[in-house]
Amino acid sequence: MIDLKKCTVYQIYPKSFCDSNGDGIGDIRGIIGKLDYIQSLGADYIWCTPFFTSPLRDNGYDVEDYRNINPVFGTMEDVEALIAGAEERGMGLMLDMVFNHTSTRHEWFKRALAGEQKYMDYYIFRDGGPDKPPTNWQSKFGGPAWEYVPSLQKWYLHLFDVTQADLNWNNPEVRQELKNIVLFWKSKGVKGFRFDVVNLISKPDVFEDDNIGDGKRFYSDGPRVHEFLKELVADTGIEDMITVGEMSSTSLANCLKYSNPKEKELSMCFNFHHLKVDYKDGNKWELMKPDYRRLRDLFAVWQTEMERKNGWMAVFWCNHDQPRIVSRFGDDKKYWKESAKMLATFIHLLRGTPYIYQGEELGMTNAGYSSIDEYRDVESINYYHILLKKGKTRERALEILRQRSRDNGRSPMQWNSGRYGGFSVTEPWIGLPDNYKWINVAAEDRDEDSILNYYRALVELRKQHKIIQEGRIEFLLLKPEEIFAYKRVLYGQELLVLNNFSGKNVPLCKPIPYSEHSCLISNYNQAENNQGRAIKSLRPYESIAFYGKY
Ligand code: TEU
Ligand code: CA
């Protein structure tokens, strides 16, 4: 059985990682060429977002064939070489299983559309006239969650894009098909799985209008979700592999259940509550400054409850759906380096399994696209038009996208200061910011003080210290609220982690004794600490972790 507590996962978005054949699109051979780099970070697992056959309406989250590789990304041989190459370097590959929905180009859906009853039962079709969808639910990408099929005189459910039809998990045949897909990849030597929006798979028995929301309260953590997960895991024998469920609008109580080893569901879950603290009234498309107090409280509650009830968390700031963290909760200008390192320290010393999303380890920033033509993401483009319709000016709508678009996390990986950041020899499918000239792997690799080398140090610390892997967690809700402080405790040892989430000098309510040998890691030179033997305040975005025995 693997020891999750020691592990760090590196996430790759293949389309934007490295282009090996000069078509402007990242591919699997590109990843293979960078395995030494990933190993140099100390990663134990690589989670690759989907590269299966797909029309790429949603960049691969619209799967047409779960057992074949999209030619744009490579071949099955390439994937086998990737698995083997990772293995040689002591890393395991985790694949992304998109099981809530398929592309409408999937064979099953085509046969459903042709009226084959067996396959209609694979999806969620409901009768009704063309004028009124079965419920008023909204798609996560904007617009109604139902699409009418005139030839069948029925509607089908799609919680995401209209080309992503939701599967009917109540049908045992569907569950069997999905288990077979997991078994197929397991037999290829894949070491773990990420399950896409897996808490949405169980829909209610009765479909009713949601008069207070978009419908999510009826299908998030739905009635049979735990049963379905237990069955999937048991019947595919993956309980000892690393598995992570992506949970959309979930609850702490449900995540405790998904991740408690006794339940034999998943190793851990992603939740997104901490990445909504800058949504105004919960709306992603209304800008607001981050509410740091709420951010800190959320971590405090989730971390302590997860420990108390034996759950396990994936801890992370970034992924392919999120803006870049240094631009969001840090400062990507004046305190770029300090804030990127501070945000990293905070996450990597928590209780849980840390995830690093490609480029995060360099302090990559939001992309800064200035025209709608530069965007590629279906959600961003849909919402741009929705925002205009709601009366926002073009400038305002673009400002909102500049901060909120998923494309911020999808600009090409910045490898060097050469043309296109070394990502490709031709113009990439999506643009990259000018800062690739100094924010890139080559430059940071040779700079001892770089964000990249700081991430390497953090990953190594987790491997070295049991207290980081297993220590109990205790949040210190100090004043002011920009100070995020916690302790990890393990048999007479203590690790104290202090982080300043602001660009100001912040006095601590009580001085912390300091000695040089107790400092495990910091983003400032502590020797020049002006306060002598005690820390009385933290500098802008300062982060420091002390280790001691008592
Ligand atoms: O994302 C699920 C999801 O709901 C979001 O993170 C979504 O991008 C956000 O709510 C929009 O505001 C997963 C994948 O990570 C994402 O890339 C896919 O588009 C989505 O599922 C559908 O498969
Ligand atoms: Ca390519």
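Whatever order the structure lists ligands and atoms in, that order sets their numbers, starting from 1.
Taking both residues in full, the closest heavy atoms of Met241 and Gly192 are given as CE-N, 3.7 Å, listed atom of the first, atom of the second, then distance. Between Ile25 and Asn21, the shortest heavy-atom contact is O-OD1, 4.5 Å. Residue Leu229 comes nearest to Val198 through the heavy atom pair CD2-CG2, 3.9 Å, listed as atom of the first residue, atom of the second, then distance. The two residues Met364 and Ser411 come nearest to each other via the heavy atoms CE-OG, 3.8 Å. Of all heavy-atom pairs spanning Ser54 and Val63, the tightest one is CB-CA, 4.5 Å.
Under 3.0 Å from the Ca ion (ligand 2) lies no N/O/S atom of Gly26, from backbone or side chain alike. The Ca ion (ligand 2) has no N, O or S atom of Ser424 inside 3.0 Å of it.
The protein atom (non-hydrogen) at minimum distance from atom 19 (O) of ligand 1 is Asp58 OD2, 2.5 Å. Glu379 OE2, 4.6 Å is the protein heavy atom nearest to atom 10 (O) of ligand 1. Of all protein heavy atoms, the one closest to atom 8 (O) of ligand 1 is Arg406 NH1, 2.7 Å. Nearest protein heavy-atom neighbour of atom 1 (O) of ligand 1: Glu246 OE2, 3.1 Å. Closest to atom 17 (O) of ligand 1 among all protein heavy atoms lies Asp321 OD1, 2.8 Å. In this structure, the protein non-hydrogen atom closest to atom 21 (O) of ligand 1 is Asp196 OD1, 3.0 Å.
At the Ca ion (ligand 2), the angle from OD1 in Asp23 to OD1 in Asp19 is 80° when rounded to 10°.
Between Tyr13, Phe160, Trp285, it is Phe160 that holds the heavy atom closest to atom 20 (C) of ligand 1.
The neighbour count for Arg126 CZ, taken as heavy atoms of other residues, nucleotides or ligands under 6.0 Å away, is above 12.
Aromatic pair Tyr357/Phe316: centroids not less than 6.0 angstrom apart.
Trp155 pairs with exactly one of Phe207, Trp146, Tyr148, Trp137 by the ring-ring contact (aromatic ring centres under 6.0 Å, His included) rule, that one being Tyr148. Looking at Ile181, Val174, Val197 one by one, the single match for side chain to side chain contact (heavy atoms under 4.5 Å, CB included) with Phe99 turns out to be Ile181.
At a 4.0 Å heavy-atom cut-off, ligand 1 does not touch Phe272 at all. Residue contacts with ligand 1, taken as heavy atom pairs separated by less than 4.0 Å, involve Arg194 solely via side-chain atoms from C-beta onward.
Atoms of ligand 1 lying under 4.0 Å from at least one heavy atom of Val197, given by number and element, are 2 (C), 21 (O). The atoms of ligand 1 that sit less than 4.0 Å from any heavy atom of Phe141 are 19 (O). Less than 4.0 angstrom separates some heavy atom of His320 from each of these atoms of ligand 1: 14 (C), 15 (O), 16 (C), 17 (O). Here is the list of ligand 1 atoms found below 4.0 Å of a heavy atom in Lys284: 11 (C), 12 (O).
Asp27 has its closest N, O or S atom to the Ca ion (ligand 2) at the position named OD2.
The closest approach between His101 and ligand 1 falls below 4.0 Å for a heavy atom of the residue.
On a distance-only criterion, Lys140 and ligand 1 share no N/O pair closer than 3.5 Å.
Shown here, atom 15 (O) of ligand 1 is in close reach of the protein: a heavy atom of it lies under 4.0 Å off.
Proximity of Gln164 to Asp58: side-chain heavy atoms (C-beta onward) are separated by under 4.5 Å at one or more points.
Comment: Arg194 engages Glu246 in a salt bridge, judged by a side-chain N to carboxylate O separation of less than 4.0 angstrom.
A cation-pi arrangement is absent between Lys280 and Trp285 under the rule of less than 6.0 angstrom and at most 45 degrees off the ring axis.
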